[in-house]
Amino acid sequence: MSAIFGVASEVFTLLFRAKKHVIDFTLLDLQKALSDPHQRARFNAEGKCWYQEGRIQRLINLLLFRKDAGKINLAIVLCQRMDKLERNVPCSFAKDNHTLIDQPFFRDWVDTAKAAVKSLETVRSQAAIRAKMLLERRISALESRMMHTPKDHVLDQNAFDQMKTIATEWKAKQKQMTRPEYTPAQNAELLKLNENDLKALTVLCTDYQAYAKLLIEEYRLRKDKKTAGAAPLLLDQFFSWTIRGGLSVGMISEFAALPGWLHENKAFTRADNHTMRLGFTDAGNESKKTILRLKEGQPYDVLNKHNLVRFRGDYSVTVKELFEYHYNFKNIREGNFEWRPEHGDHNFHNVKFGYWNALKKDYEIIDFTKDDWFQHVRPTAFATYDQLKLRYPKLFEAAPGVKPFEKGTPIMAARATTKHIHPEDRRRADHSHAFVEYACYNAQDDRYEIREFGWFGDPFPEDGLEFLAFFANTVRATFKVDYNGIYLYRQQAYYPSPLTNEMPQPGQEATPEGSNLRAIRVLAHKIKQAMAGKIAFQLQTFGCPYHAQDVMSSIFGPSYPDLFTVPRTAAAAPGPLGAILRGIKIMPKFTHDRLMRAIMILFAPWRGGYTELNGKQVWISCWRSDAWAKGKIHQPAELHIKLQRGLALYYPRFFLTV
């Protein structure tokens with residue numbers, strides 16, 4: 001019996017997979033096979049080996065109209081292998097003459113990929129066109145990476161003009177880049193190409209012309225209905241990286257897989273890649289081209305996941321461990337690392353408000369009894385005086401009876417972000433957030449330092465099913481240094497109010513310590529409350545917008561405007577819960593509130609917890625909240641809506657001239 005199976009196996013191998021080779025050692029043989037029109041080179045499912053199709057397999061593919069499936073599969077697997085090559089085999093150059101070391105090795109990969117591209121030139125399916133373009137993208141990246149620095153190209157004016165037209169069209173559609181408090185004319189200016197955008201396009205069409213031609217080709221494919229589905233979204237990736245993110249053209253041009261790799265590590269949608277750059281690491285007489293990123297002001301190699309990164313407190317982790325801490329918000333909700341502009345990654349726990357001391361095996365917590373505590377929290381953003389005018393335009397508008405805003409005046413602002421622009425979708429709880437920011441002037445650097453703080457449920461739901469369980473529940477709240485302000489894919493809303501250290505005039509609100517000092521102490525008190533577990537988080541009533549409103553009202557008094565309150569019938573959510581809420585809204589209007597209350601009962605709204613209100617621990621739940629009794633909830637997106645409707649800038653009474 002075993003002999004029969006042995007013979008059958010030999011026949012199967014002969015007919016279906018006549019020859020099998022390991023790709024790492026047979027690139028030249030693979031090139032020859034690709035150049036032979038009678039051969040059908042394919043990869044196995046794991047991408048480890050390539051083989052030439054047997055006759056029966058070729059016949060079956062022909063009958064199933066899959067005769068070109070092998071070519072497409074080959075291109076896709078080559079893309080995957082070249083992505084691994086990008087991360088694991090850096091291009092090294094001799095220090096003395098910048099000559100590429102192991103050039104034949106990289107040239108074999110380029111030639112093999114070009115042979116695979118050529119084999120697809122006669123294939124007209126959308127899958128083939130897409131695979132061909134993706135492989136051409138890897139070729140252009142590797143060829144650019146094989147040069148120490150870009151050659152002195154002359155600007156391709158034709159490509160530049162075309163890319164300028166394409167970029168203008170793309171940016172005009174990015175409504176998240178607008179500001180709700182801006183006029184239509186101001187927002188129209190925001191959506192035009194600026195100086196930095198044009199610089200990026202100039203670098204692209206000068207140093208990376210092959211990449212530019214690919215982007216233009218994709219645009220042509222998109223405009224043709226027959227080939228629109230073949231577009232591999234290279235344009236969106238490039239513009240999101242350069243125009244929206246403001247990141248280096250060189251990085252994305254030479255490292256094709258970098259955006260996807262960062263996205264896998266939860267980094268692509270954040271602005272924290274601004275401390276990354278294309279650079280070299282030295283090793284003996286060689287310099288390796290890689291992607292560098294800052295940690296506590298010093299560069300380290302991002303692509304080498306086994307690289308050891310050293311931080312203050314004698315704390316060391318690998319790049320892999322750093323990324324697991326830093327970005328995996330779903331599985332590791334609190335970590336020992338944060339990112340800050342101009343500084344990069346640093347050892348700081350954004351819930352415990354301290355850094356990890358590996359020698360003491362404990363956290364060095366900030367002393368919140370001192371009024372300079374905020375100086376130990378690194379800023380989340382910086383702004384010059386001119387940039388401050390763009391950030392808070394209403395603050396600089398003349399108002400009757402109000403002092404003009406003066407340089408150096410500290411600012412407290414309510415903030416909100418939302419991913420969606422449509423009035424219905426923007427209210428989704430999973431795609432919107434509210435928090436506060438404190439901006440103080442640093443005379444030494446002649447700019448404002450901005451620190452952002454927000455509240456989150458512990459744990460906070462991450463998907464539709466988790467929102468079902470979270471909908472009417474009450475959990476512990478955590479107060480964090482907030483990262484939502486650097487999200488590039490959300491629309492940002494600002495509602496600033498100036499602070500003062502001046503003593504109030506007779507008859508004005510009693511603020512003996514001045515609103516600036518009061519703001520510092522209110523924030524410190526909220527942080528200590530959260531660290532002690534004395535603050536609760538309840539999505540409808542005691543969520544992030546409630547806490548942001550509470551901080552602003554504590555600083556400026558009860559006359560501070562209500563920024564976030566809406567009827568509970570305005571609620572929106574993801575997944576199954578969102579479907580339920582949308583179903584309610586198509587019913588007669590007089591039934592909305594009753595149905596909403598009935599739905600809330602299904603989610604056990606009596607679940608609750610203790611929180612500190614007016615200095616006392618109080619049991620709260622959705623059942624005992626305004627969301628239940630009065631039908632009122634708090635939503636971050638309401639700030640966007642109010643600003644669009646022309647909400648006037650708020651000034652505390654003690655800031656008025658007398």
Side-chain angles (χ1 to χ4, degrees), residues 180-181 392 394-395 411-418 426-427 429 432-439 451-457 460 474-475 477-482 484-485 492-499 509 511 515 518-527 529-530 534-568 570-571 611-615 618 620 622 624-645 647-653 655:
E181 70 271 29
Y392 311 128
K394 292 287 185 182
L395 206 58
I411 301 163
M412 196 74 193
R415 290 284 308 278
T417 69
T418 182
R426 77 191 331 174
R427 293 189 183 278
S432 59
H433 181 58
F435 52 107
V436 297
E437 68 180 26
Y438 173 68
R451 294 169 174 86
E452 298 159 324
F453 304 95
W455 293 259
F456 300 83
F460 195 81
T474 302
V475 299
T478 57
F479 186 90
K480 300 182 181 182
V481 178
D482 209 298
N484 279 265
Q492 305 281 334
Y494 305 76
Y495 192 68
S497 298
L499 298 166
E509 289 185 0
T511 56
S515 61
R518 183 194 287 201
I520 294 169
R521 291 175 176 173
V522 165
L523 288 172
H525 177 65
K526 294 295 183 183
I527 293 171
Q529 278 186 311
K534 294 182 177 180
I535 300 181
F537 189 97
Q538 203 281 314
L539 193 62
Q540 282 80 17
T541 304
F542 292 97
C544 54
Y546 166 83
H547 291 295
Q549 179 78 38
D550 183 48
V551 164
M552 301 303 286
S553 297
S554 298
I555 296 169
F556 296 112
S559 60
Y560 189 81
D562 186 346
L563 301 178
F564 302 106
T565 302
V566 297
R568 66 172 160 225
T611 193
E612 188 171 310
L613 295 175
N614 300 320
V618 179
I620 65 165
C622 183
R624 297 185 178 185
S625 68
D626 285 348
W628 182 264
K630 301 179 182 178
K632 300 291 185 182
I633 62 174
H634 303 285
Q635 285 198 333
E638 182 63 14
L639 179 59
H640 293 74
I641 295 169
K642 278 186 165 65
L643 289 173
Q644 283 185 325
R645 291 173 179 171
L647 177 64
L649 179 66
Y650 171 77
Y651 286 93
R653 275 184 280 169
F655 202 71

Flag, side chain of [X] to backbone of [Y], donor-acceptor distance under 3.5 Å:
| X | Y | answer |
| --- | --- | --- |
| Thr478 | Phe456 | yes |
| Arg518 | Ile555 | yes |
| Gln635 | Phe564 | no |

So His547 and Lys526, do their side chains get closer than 4.5 Å, heavy atoms only?
no

Donor-acceptor side-chain pairing of His634 and Thr565 below 3.5 angstrom:
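Yes.
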
I'd like to know whether Met412 forms a side-chain contact (heavy atoms from CB on, under 4.5 Å) with Val551, so could you lay out the CA-CA distance, the side-chain angles of the two residues, the decisive distance to 0.1 Å, and finally the verdict.
CA-CA 10 Å; Met412 196 74 193; Val551 164; 4.1 Å; yes

What closest approach, in Å, do [X] and [Y] show between heavy atoms, and which atom pair accounts for it?
| X | Y | value |
| --- | --- | --- |
| Ala530 | Ile535 | N-CD1, 3.9 Å |
| Arg415 | Glu452 | NH1-OE2, 3.0 Å |
| Gly454 | Phe435 | CA-CB, 3.7 Å |
| His433 | Trp455 | CE1-O, 3.5 Å |

Got a second to check how far Glu638's CD is from Leu643's CG, nearest 0.5 Å?
10.0 Å

Which of parallel (below 30°), tilted (30 to 60°) and perpendicular (above 60°) describes Tyr560 and Phe556?
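Ring orientation, 0 to 90° scale: parallel.
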
With under 30° as parallel and over 60° as perpendicular, where do the rings of Tyr494 and Tyr392 fit, or are they tilted in between?
perpendicular

ring-ring contact (aromatic ring centres under 6.0 Å, His included) between Phe479 and Phe453: does it pass, once the steps are laid out?
CA-CA 7 Å; Phe479 186 90; Phe453 304 95; 5.8 Å; yes

The test is side-chain contact (heavy atoms from CB on, under 4.5 Å); show your working for Lys632 and Val566 and say whether it passes.
CA-CA 6 Å; Lys632 300 291 185 182; Val566 297; over 6 Å; no

